[in-house]
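Lettering of chains follows the sequences in order, A, B, ..., and the numbering in each one begins at 1. Excluded from the calculations below are hydrogen atoms, water molecules and symmetry mates; all remaining heavy atoms, backbone and side chain alike, are included.
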Amino acid sequence: MSSSRKKVLLKVIILGESSVGKTSLMNQYVNRKFSNQYKATIGADFLTKEVTVDDRTVTMQIWDTAGQERFQSLGVAFYRGADCCVLVFDVTAPNTFKSLDSWRDEFLIQASPREPENFPFVLLGNKVDLEPRAISSKRAQQWCQSKNNIPYFETSAKEGLNVEQAFLAIAKNALAQQNSTFDLYNEFPDQIKLTNTQKPSSNGDSCAC
Amino acid sequence: MACTDDDNHWVTELENALSEECSATDIYCICKGKALPENLRSEVWQICLDVRDKGNQLDHFNEVYDLPNQQVLREDCTNFVSNLGNDEEDKLSVISDLESILTFYCKSRNIPYVRSNGWIELLLPILTLKVPRSTTYNLFEAIRDTYIPQSCSSDGNAFHILRLLLLYHDPELCSFLDTKRITPDKYCLTWFQSLFAATCSLGVVINMWDYYFQQSDPFFIFFLSLIMVINAREQIISMKNESREKIIASLANMPCGLEADDVSDFCTLAQYYALKTPVSFRNDLMQSLYNGRADNSLLVSQALCLPVSVHELVENSAHETTNVDAVRFFLVDCRPIEHYNAGHLPTAFHLDCNLMLQEPNAFATAVQGLLSAQRQALAHNSNAGGEHLCFLGSGRNDEDQYTHMVVASFLQKHTQYVSLLTGGYIAIHNYFSDNINEFLQDHNPKYCIVCAPNYIAKTSHNNTKAGQSSDLFGKISAAMKSKSAEVTGKLMDYIVNPNNSPIQERHVSSNDRIGRRYRDVAPVFSIDDDHDNVAPVEVSHQIDDDQQELVQIDKLVKNAEVVDHFPCQEVKLNGFMYKSQLIVTHTELIVLREVPDIKGAAEVIVKRPLSAIVKITARKRHPELITFKYGVPDGENLKISDMDRFLIPNADKATKVVADQILKQLKAKE
C-alpha cells in the first residue's frame with residue numbers, strides 16, 4: 001500500500017428542474033442502471049465513484065439534489081464546498097432550459113466560490129433519445145458561450161449516451177478547480193488517515209513481562 | 001334492554017346538563033363523541049362553539065346587497081338551493097337567508113366573496129338545525145374562525161402540514177404523490193374549506209360535526225384528511241400508471257364513499273393517528289393557521305420532515321407514560337462526534353453524519369447498530385427508547401446540511417415516524433440555559449459549540465491550570481466511563497447477529513495463565529491500575545506521568561513495547577463511533593481515543609491483555625468491522641465477559657498482527 005498518495009475527493013453537485021433526469025444520470029454513471037419510472041428525490045442523495053483522471057485516482061462524490069421547489073431551501077446548504085456544478089436540462093422541455101440561469105445564479109450565491117467567474121460548471125442536455133426536441137444544440141451552446149464557455153454535453157441517461165464522457169469532463173474540471181484553490185475541505189473533519197507515520201521499532205525483544 | 005337503558009342514560013344525562021349551566025367539557029364527558037339526538041343538537045353545537053351569548057349580530061346589517069360580486073353570490077345561492085329539492089316556498093326563504101348571512105359576513109369581515117370558497121356548503125348543515133337566522137350566522141362565523149384553516153389558499157400552510165403528516169405516517173405514499181406532483185391542495189381544498197360538508201352526504205357531515213365540536217380540536221381536520229388519504233392507499237398506488245388528473249379526482253372524491261355508520265370508526269381512527277403524532281407543530285402553527293398570520297410559511301413549506309420542538313422532546317423523555325400508543329422518541333444525534341462528546345442529552349444516540357459521506361459502508365453498519373439499539377431500548381422499555389425517530393443537528397446551517405442528508409436517507413428508505421428537532425443542539429442548550437450541566441451529559445464548556453467562544457475568552461489567561469484541575473476527579477470519571485462502556489459492550493452481546501464469519505478463533509487452553517486476567521472480567525482502565533495485578537508495561541508509566549491521562553500518539557507508538565498500531569474507529573453498541581488508535585504491544589491491546597481539537601493526543605480507554613482475547617471476528621459484509629471478544633473458558637464453552645468493536649481500515653493486517661502476537665505469547669509460555 002503506497003503511503004504517500006493523498007486521497008482526492010471531489011464534490012460534484014447536480015442541479016436542474018424536477019424530472020430532467022438528475023438522479024437517472026447519476027445512476028447510469030455510477031451503477032449503469034436506468035429506470036423509466038420517475039421518482040421524486042426526497043431532499044438529496046449521493047453516490048460515490050472512483051475515477052482515474054490523468055493517472056490519478058480520485059473519488060467523485062456526486063450529490064443529487066431534489067428539483068422540486070419544496071426542497072430548495074434545504075438544497076442550498078448542500079452547495080457549499082462543491083468542486084463542480086452540473087446543470088441539467090431536458091432537451092424536450094423548454095422550461096427546464098429557461099430556468100438554467102436561475103439555477104446557476106442561485107448556486108453562485110449560495111456556494112459563494114472564491115472566483116465565481118471561473119467556477120467550473122458543466123451543462124448536460126439530457127433525454128436526447130426523446131422526440132420532439134425543443135432546444136437545439138446550437139441554442140444550448142450559445143448559452144454556454146455566454147457563460148464563459150461552459151462545456152456542453154448531450155446525453156441520454158436511458159441509453160447511456162455520452163454519460164461516461166460527460167462525467168469524466170466533470171471530474172477533470174472539478175480536479176482543476178481543486179488544484180487551483182486552497183484546501184476546500186477544511187470543513188470536513190479529518191478523513192480516516194491511512195498513515196504509517198512512524199514505523200514502530202522492530203526490536204521487540206525487550207518485553208517487560 | 002340494558003343496552004337501551006344505557007343508550008338512554010347518557011341522553012337523559014345530557015338533557016339534565018343542558019338544563020343547567022354546562023360547558024363543552026361537560027358535554028364531551030357525557031357524550032364521548034357520540035352522534036347527538038336531533039332535538040338537542042342545536043343547543044349542544046351552540047355550547048361547544050361558544051356562541052350562546054353572541055346575540056344577534058345581524059341587527060347591524062343594513063340589508064343593502066351591494067357587494068362587488070353580489071350577482072355571483074346570488075346565483076350561487078340559487079343554484080345550490082335548487083339542487084336541494086325543497087318546496088318552492090321554502091326555497092325562497094332559504095336563498096334569502098343564505099344571501100343575507102353571506103353578504104353580512106363579507107361586509108363585517110371586509111372580505112370578498114369568491115365562487116366555490118366552501119361557504120355555502122358550510123352553511124347547509126347549520127341550516128338543517130332550523131334555528132333563527134342570527135344563530136345560524138353565529139354558528140357559521142364560529143366554525144369558520146375556529147375550524148377552517150385560514151391559509152387555505154393553494155400554497156397555504158395547511159396543505160404543507162398535511163403533507164408533512166402524511167410523510168410522517170406513510171412516507172411511501174407521500175413520496176408516490178410527490179412523484180406524481182400531487183400536492184394536498186389539489187385534492188383536499190374542498191375538504192378543508194367546508195369541513196367535509198362539500199364532499200360528504202349531509203347525514204355523514206352532521207355526525208362528523210357532532211364528534212368534531214365535542215372534541216373541539218382545530219387540528220382534527222388534518223387527521224381526518226390524513227385517514228382519508230391513507231385509507232385510499234392501495235387504490236392510489238394501484239393507479240400508478242394513470243394520469244395525474246385521474247388520481248387527483250379519485251382522491252378528492254374519497255369522502256363521498258363515507259357512510260353515516262362509518263363516521264364513528266373514522267373519527268376514532270383519526271384520533272388514534274393524532275395520538276401517534278408529535279404535537280409541537282400545533283403550537284408553532286396555531287397562530288399562522290387560524291389567525292391568518294403566515295410568518296412560518298417558509299418553515300413549513302420547505303421542511304424536510306415534521307418539526308419537533310425542544311420543549312416537546314424534553315417533556316416527552318421526562319415523563320413516563322402508560323399509554324403504549326403515545327409518542328415516544330428515540331433521539332438520534334447527528335452532529336460530528338467531537339460536538340457530541342462535548343455535551344448531549346442523556347437519551348441521545350449518536351450517528352455521525354460525516355460518516356455517511358466518508359465511509360458509506362461504515363455508515364450502513366452504524367445505522368444497523370442504531371436500529372438494533374432502538375429495538376433493544378424499546379424491548380427494555382427504556383425512556384431513551386421509542387418508535388419515533390427524532391433527529392438532531394447542531395442548529396448551524398453548515399453542519400446541518402449533513403444532518404439533512406442523513407434524515408433524507410431515512411425518508412428515502414420510507415422510514416416511518418421521522419422528525420427533526422427544531423433549532424438542533426443550540427436550541428436544547430438555550431432551553432436549559434442555566435442548568436446545562438444538570439441536563440446535558442458530558443457537557444464540556446471548553447468544546448461545546450455554544451459555550452466554547454465564551455469559555456476560551458474567559459480562561460485564555462490561565463488555560464493550563466484549568467486543564468490540570470481535573471486531576472483526580474477526571475480519573476475517577478474516566479474509570480466510570482470505561483465501566484459503562486463495558487456494560488454497553490455486554491449489551492451488544494444480545495443484539496449482535498452471531499452470524500459472524502470467524503477470521504481467527506482461539507480457544508483458551510488450560511496453559512493460559514489465568515492470573516494475568518483481572519479476576520473474571522476483562523480489564524478496565526481504572527485509577528488503581530498500578531496497584532493491581534498486571535505487570536505494567538512501560539507505556540502505562542508514561543500515561544501515569546501525564547496529569548490529564550492524555551498520551552501523545554506518536555510518542556507512544558515509538559515505544560519499544562509497541563508492535564504495531566492501527567488508526568480505527570471504536571464502534572459502540574448505540575452506534576457511537578470514536579476515532580481511535582488500536583495499539584498492539586507484546587502483551588496488550590490498548591485502545592486510545594483521539595482527543596478532538598488536540599492534535600496527536602489521545603485518551604487511554606482500555607487495555608486488554610492479549611491473553612484475554614478468545615475470539616476475533618469480522619462481518620462478512622463489513623470486513624472492516626472487527627470484534628475482539630474477551631473471556632475465560634467455562635467448562636466446555638467460552639464465557640465471554642466483554643468485547644470491543646472497531647472499524648479498522650487496515651483490518652486484515654491488524655487482525656493478523658494481533659493473532660501473531662497471541663500465538664507468540666502462547667509459544668513463549670510453553
If you count heavy atoms of other groups shown closer than 6.0 angstrom to [atom1] of [X], is the number above 12?
| X | atom1 | result |
| --- | --- | --- |
| A/Lys147 | NZ | yes |
| A/Lys172 | NZ | no |
| A/Lys49 | NZ | yes |
| B/Lys413 | NZ | yes |

Per-residue contact mode, A/Ser18 against chain B (heavy atom under 4.5 angstrom): both

So which atom in A/Ala40 and which in B/Thr179 form the shortest heavy-atom distance, rounded to 0.1 Å?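 Distance-wise, the nearest heavy atoms are N-OG1, 2.8 Å.
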
Can you give me the closest heavy-atom contact between A/Gly43 and B/Ala408, atom names plus distance? CA-CB, 4.2 Å

Do any pairs count as a salt bridge (charged side-chain N to carboxylate O under 4.0 Å, His left out) and have a residue in residues 154-166 of chain A, sequence neighbours left out, and if so which ones? A/Arg32-A/Glu164, A/Arg133-A/Glu154

How long is the straight-line distance from [atom2] of [Y] back to [atom1] of [X], given to the nearest 0.5 Å?
| X | Y | atom1 | atom2 | value |
| --- | --- | --- | --- | --- |
| A/Lys39 | B/Gln412 | NZ | CD | 7.0 Å |
| B/Met405 | A/Trp63 | CE | CH2 | 4.0 Å |
| A/Ile42 | B/Leu304 | CD1 | CG | 8.5 Å |

Contacts of type side chain to side chain donor-acceptor pair (under 3.5 Å), residue A/Thr96, not counting sequence neighbours: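 Once residues adjacent in sequence are excluded, A/Thr96 has no partner under the side chain to side chain donor-acceptor pair (under 3.5 Å) criterion.
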
Start with the C-alpha distance between A/Phe46 and B/Met356, add both sets of side-chain angles, then the distance that settles side-chain contact (heavy atoms from CB on, under 4.5 Å), and finish with yes or no. CA-CA 10 Å; A/Phe46 86 101; B/Met356 181 176 179; 3.7 Å; yes

